[in-house]
S.K.: 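The structure's right below; bear with me while I get my questions together.
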Number of protein chains: 2
Amino acid sequence: MDHKRCRMTNQRKVILEELRKFGGHPTVDELYVRVREKLPDISISTVYRNLEVLSECGLIGKLEPERTQKQFDANPKIHFHIRCTNCGRLDDIPSSIMNEVEEAIQKAQTLVNKMTGYDMKGYHLEFLGLCPKCKESMKKRGRSTDERKGENGGQKD
Amino acid sequence: MDHKRCRMTNQRKVILEELRKFGGHPTVDELYVRVREKLPDISISTVYRNLEVLSECGLIGKLEPERTQKQFDANPKIHFHIRCTNCGRLDDIPSSIMNEVEEAIQKAQTLVNKMTGYDMKGYHLEFLGLCPKCKESMKKRGRSTDERKGENGGQKD
DNA sequence: TTTCGTGCAAACATTTTGCATACTC
DNA sequence: GAGTATGCAAAATGTTTGCACGAAA
């Protein structure tokens, strides 16, 4: 829990307040609209920068797309994937080994429906880790290469 | 399995072949580079259009980002989410009900590592479904509203 | 008084669209 | 020959960056 510290500017304070008031999981421009009611001259880039900073400081949570580009795949059957958090490489996971996980998710479904009021239809499950090559090159270099993203590997608190 | 049929143009044939040769999960421009070696005048928009069509025809698989925009959240603790495939609304799932799922995933980890050669570090799990409001309005209208995306709800074949 | 944050405009990356021409069935 | 698909250029979208000015520690 060694979080970056950050200067509390007025913009930051307002962004944080509005996010708390918002309650849900707004996108940047949803929040931008609200914040502008308080600070009409704030710039969208300030909102972007500050949400980023606030999440680095551990004050807020960030949900970023785990993949920004579409990807295609010669095999039209749906299967599970594992993605390298270092280089972005994506591999398939043989679905034979995922039976228990699928069962557990299926069992959870009723509870999820009850607790959220949703009618659950499916899920997205993607594993994250270091691919064999990156594992190798990290071992050699003793640690850290580009490490592009890969915060929040899915581990809960 | 009522898939759209599609005209087999030369561009489509080449895109399909190159995707099959590629083997992995290329992005559009990775594939574009390969296809251009065969068809130097092909346009990137043709590649986009055709990958889309080929996946509608069930000939290839598509992995699209489950979320294209970043989202933020006043609560910095990591938790599970459920997203409405109709309106995009996102809600939290109480993590207390996810224990079994987490355990199953943890158990699967060793096997995943063995089969893929990765060093698995975490995962992304997001549930998909219809939120209470959309459920309601679908009941009224008898079916189908905008239904923005939500193909491949995570259900395997 | 230095370091850091801001607003603005411009750049960026990915994807989509409008349109005239060309190709498939 | 009707209905699609193509290439091109331009737009749309979401996000990042460079820079000169301004504010916080």
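Atoms considered below: every heavy atom in the structure, side chains included; atoms not considered: hydrogens, waters and symmetry mates. By convention in this document, chain letters (A, B, ...) are assigned in the order of the sequence lines, proteins followed by strands, and residues within each chain are numbered from 1.
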S.K.: Between N10(A) and R49(A), just flag the one whose closest nucleotide in DNA chain D comes earlier from the 5' side.
M.R.: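 Mapping each residue to its closest nucleotide by heavy atoms, the 5'-most match is R49(A).
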
S.K.: Heavy atoms only, 4.0 Å cut-off, all strands: where does R12(B) land among base, sugar-phosphate and nothing?
M.R.: sugar-phosphate

S.K.: Tell me if the CD atom of Q109(B) is crowded by more than 12 foreign heavy atoms within 6.0 Å.
M.R.: yes

S.K.: Are E52(B) and K70(A) within salt-bridge range, i.e. N to O under 4.0 Å?
M.R.: yes

S.K.: 5' to 3' on DNA chain C, which nucleotides open and close the contacts with chain A (atom under 4.0 Å from a heavy atom)?
M.R.: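 Answer, 5' to 3': dT3(C) to dT16(C).
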
S.K.: May I ask you to list the residues of residues 33-45 of chain A, by number, that have any heavy atom positioned under 4.0 Å from an atom of DNA chain C?
M.R.: D41(A), I42(A), S43(A), S45(A)

S.K.: Does R83(B) use its side chain to pair, donor to acceptor, with the backbone of G88(B) at less than 3.5 Å?
M.R.: yes

S.K.: Just by distance, do the side chain of R12(B) and the backbone of R7(B) share a donor-acceptor pair under 3.5 Å?
M.R.: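 Indeed, once roles are kept as given, a pair shorter than 3.5 Å links the two residues.
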
S.K.: Taking the side chain from N113(B) and the backbone from T110(B), do they hold a donor-acceptor pair closer than 3.5 Å?
M.R.: no

S.K.: Any Lys/Arg nitrogen of E126(A) or R67(A) sitting under 4.0 Å from an Asp/Glu carboxylate oxygen of the other?
M.R.: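 Salt bridge: yes.
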
S.K.: Could you check K70(B) against R7(B) and say which one's nearest nucleotide on DNA chain D is further toward the 5' end?
M.R.: R7(B)

S.K.: Shoot me the first and last contacting nucleotide of DNA chain D against chain A, ordered 5' to 3', at under 4.0 angstrom to non-hydrogen atoms.
M.R.: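 With heavy atoms of chain A under 4.0 Å away, the range is dG14(D) to dA25(D).
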
S.K.: Looking at R34(A) and E37(A), is any side-chain nitrogen of the basic one under 4.0 Å from a carboxylate oxygen of the acidic one?
M.R.: no

S.K.: Quick check: does any side chain N or O of T46(A) sit under 3.5 Å from a backbone N or O of I42(A), one acting as donor and the other as acceptor?
M.R.: no

S.K.: Report the relative orientation of the aromatic rings in H79(A) and H25(B); use parallel for angles under 30°, tilted for 30 to 60°, perpendicular for over 60°.
M.R.: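 H79(A) vs H25(B) ring planes: perpendicular.
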
S.K.: Checking the side chain of D119(B) only, and the main-chain atoms of L130(A) only, is there a donor and an acceptor separated by less than 3.5 Å?
M.R.: no

